[in-house]
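Start at 1 and go down the list; that is how both ligands and their atoms are numbered. We're numbering straight along the sequence, starting at 1.
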Amino acid sequence: MLTLRLACGLFLVAVVILATLGRYFTSRAAKKHTVSGKTPPHILQFPPSRRHVLASLIKSRKSFGDFEIPPETLKSKALPTISKADLDRDDQFTPTGFSTQEIRAIGRFPDYSILAGVRHPEPVSPTWDISKAIFRPYRPFRWGYHQHMALMKFEPDWWVELEQNYLKTMAARLNLLKEHSSRIFFQGPGADLAARELMEMLLQFLCKRYPQHFALSAADDALFHNRLLNTTTNLTTTPPLRVLFENVPEDYAIMLRHEADGFYYLRAAMVCSSVGWHIGQHRDRPLRAIHTEVPDAGRMAMSMDRWFSKMGTDAPVSRCSWSMEDWEAMFTTPEIEEDWNRSAFARDPEKLTVADLRLRCDAQTLRRLPLSGAVVFNFKAIFTPLEEVRDEPYIPALLLKVLQEGKENLITYKCVDNVKRVAMDALEKWAAEQVEQGIVPEGWEIGTLDESPFFRGWEEKWKRQQGL
Ligand SMILES: *[C@@H]1O[C@H](CO)[C@@H](O)[C@H](O)[C@H]1NC(C)=O
Ligand SMILES: *[C@@H]1O[C@H](CO)[C@@H](O)[C@H](O)[C@H]1NC(C)=O
Ligand SMILES: *[C@@H]1O[C@H](CO)[C@@H](O)[C@H](O)[C@H]1NC(C)=O
């Protein structure tokens, strides 16, 4: 049963993002919107064009012009996404309005901050030391009637977040790939451009954010140096997603707009942090097919698709979901491990103590790639001992409230009963302790914190823990 609940993992997460947006748009626009049943509603809906930046990227841009391409042309001359695209053939267009000849003229490793309209990251501070680095303390608990959308602004500095377990994580990923191959890593024939683009964007990010650890060869950007792994990758001979799999410790799922119906389908992915499911199960699925698992989703599917079809490359979003576990599950799937249990203490629930509990946060970003128009979901799983929240102002009481009074089906999804029971006992004690110690005032009105998804004073604690 739990397995089933978790089986939709990634997409439940994805859908929760969209459901949140969907609710917003249902109330505003979708009422007028009707589907004929025959013509797909978004077949002529394309994301905002980025062609106006061509002038800054290509010197000979006069031969291209920066006018917008009409949707009818984008549709009739679409670059294919279900078969291999021939990028050497002229006059095929991506959903963001770029032609194949423009893509060739832009070349490898263009300035993606210009192309996407999202600034480059600042380099980490000179005192930053990866051997001490820890993830920021995500505590994405929310409570209150006047909830804002659970979406947060995308922070350009934090697209990829490296920490002290980098080498261990990279090794674990390679082992998973050896064992599970297409369950965790695949790429469809039409995803070449998106894969290359995502690779270039991420390598550009890494070189700007962590210049002490990563570099591209100066003359031609053909070699990528990773000074943490001490590897050099020849980018002209290594498949792009493979480059990412071997250098970036995070998960990615790439959705492409289908030229035939305007909906988005999962065409490539590398996802190692799934628990109770695997990304291979969802290969080639449309976003639309996934809605069945969420209450009210059918009603909202239309407005979600609509939002998705319009999302701009300069408006990425981020989000953080959480659950509570009694072990640090990285990748498991019921298909492979038949007696798989979400709980490590399934046999001996009485032995479970608060020291065993882990908060699992899945930090996610969602952005559109500027050239290919692909939409990319990105995830990282972050485990924290629950005991860590004991001294974090307001967090124990807030989390306790969510566990006590949150929607039952949602809470059951977030933690099994034994975990919930043990967590609540501890949180109650810690919440009272914070009042006694004057860390929080008595009788404060419990609600989403202003600092969400963090907490008051998080930065001092986080820096102290890293010796900064
Ligand atoms: C990479 O090389 C540096 C310098 O020689 C060394 O300190 C480090 O341990 C090496 N790392 C790995 C993963 O081999
Ligand atoms: C990368 O590989 C290609 C094909 O083997 C080769 O021609 C090229 O010289 C290599 N690049 C570098 C910088 O080693
Ligand atoms: C998992 O749970 C089932 C019953 O829910 C039990 O029969 C099985 O032994 C458990 N497996 C492990 C490894 O605990």
Side-chain angles (χ1 to χ4, degrees), residues 57 84-89 100 103-112 121 123-135 158-181 184-185 187 189 191-252 268 270-273 328 330-331 371-372 380-383 465-468:
L57 292 170
K84 201 164 177 65
D86 178 3
L87 292 172
D88 291 329
R89 219 186 81 213
T100 30
I103 292 169
R104 294 198 305 270
I106 288 169
R108 300 171 60 246
F109 288 97
D111 184 328
Y112 280 100
V124 287
S125 95
T127 53
W128 184 85
D129 174 356
I130 191 165
S131 70
K132 295 186 184 140
I134 55 176
F135 285 119
W158 298 95
W159 192 24
V160 179
E161 197 167 344
L162 298 191
E163 47 78 57
Q164 56 189 316
N165 296 304
Y166 177 77
L167 293 180
K168 240 168 60 191
T169 306
M170 296 314 293
R173 288 164 65 86
L174 284 180
N175 285 333
L176 284 173
L177 184 59
K178 240 185 262 160
E179 194 178 341
H180 300 295
S181 62
I184 60 176
F185 184 101
Q187 179 180 338
D192 288 355
L193 177 63
R196 193 194 80 190
E197 187 181 21
L198 180 62
M199 181 214 40
E200 291 182 356
M201 286 174 82
L202 279 164
L203 297 193
Q204 204 167 68
F205 175 96
L206 289 177
C207 294
K208 296 212 179 280
R209 178 69 173 157
Y210 305 101
Q212 67 275 56
H213 296 312
F214 304 101
L216 285 161
S217 53
D220 52 4
D221 294 330
L223 297 179
F224 178 66
H225 303 286
N226 181 328
R227 300 191 188 108
L228 292 167
L229 294 164
N230 294 336
T231 53
T232 292
T233 308
N234 186 334
L235 301 178
T236 61
T237 53
T238 317
L241 292 190
R242 183 78 202 189
V243 175
L244 292 184
F245 197 92
E246 291 173 356
N247 290 282
V248 185
E250 301 195 3
D251 289 343
Y252 298 91
M270 36 195 272
V271 173
C272 292
S273 64
E328 294 194 11
M330 176 73 167
F331 177 88
L371 268 187
S372 62
K380 55 179 161 266
I382 301 166
F383 289 95
Q465 288 177 326
Q466 299 177 87
L468 290 172

### Summary
Looking at N226, L228, T231, the heavy atom closest to atom 13 (C) of ligand 1 belongs to L228
### Query
Which atoms of ligand 2 have any heavy atom of T237 under 4.0 Å away?
2 (O), 3 (C), 4 (C), 5 (O)
### Message
Check the orientation of F331 and H180. Use parallel for under 30°, tilted for 30 to 60°, and perpendicular for over 60°.
### Response
tilted
### Identity and distance of the protein heavy atom lying nearest atom 5 (O) of ligand 1
N230 ND2, 4.7 Å
### Query
For atom 11 (N) of ligand 2, is the nearest protein heavy atom under 4.0 Å away?
yes
### Task
Say whether, by atom type as modelled, one donor and one acceptor occur between the side chain of R108 and the main chain of D220 under 3.5 angstrom.
yes
### Task
To the nearest 0.5 angstrom, please state how far the OG1 atom of T232 sits from the CG atom of N234.
9.5 Å
#### Entry: Heavy-atom nearest option to atom 3 (C) of ligand 2, drawn from L223, N234, L235, D220
N234
#### Entry: Spacing of N226 atom CG and C207 atom SG [to the nearest 0.5 Å]
9.5 Å
### Atoms in ligand 2 with a heavy atom of T236 nearer than 4.0 Å
1 (C), 2 (O), 3 (C)
### Query
Protein heavy atoms: any of them under 4.0 Å from atom 7 (O) of ligand 2?
no
### Message
Could you measure the distance from the OH atom of Y210 to the CD1 atom of I130? Nearest 0.5 Å is fine.
### Response
7.0 Å
### Summary
One should read off an interatomic distance between I106 CD1 and D111 CG, to the nearest 0.5 angstrom, of 11.5 Å
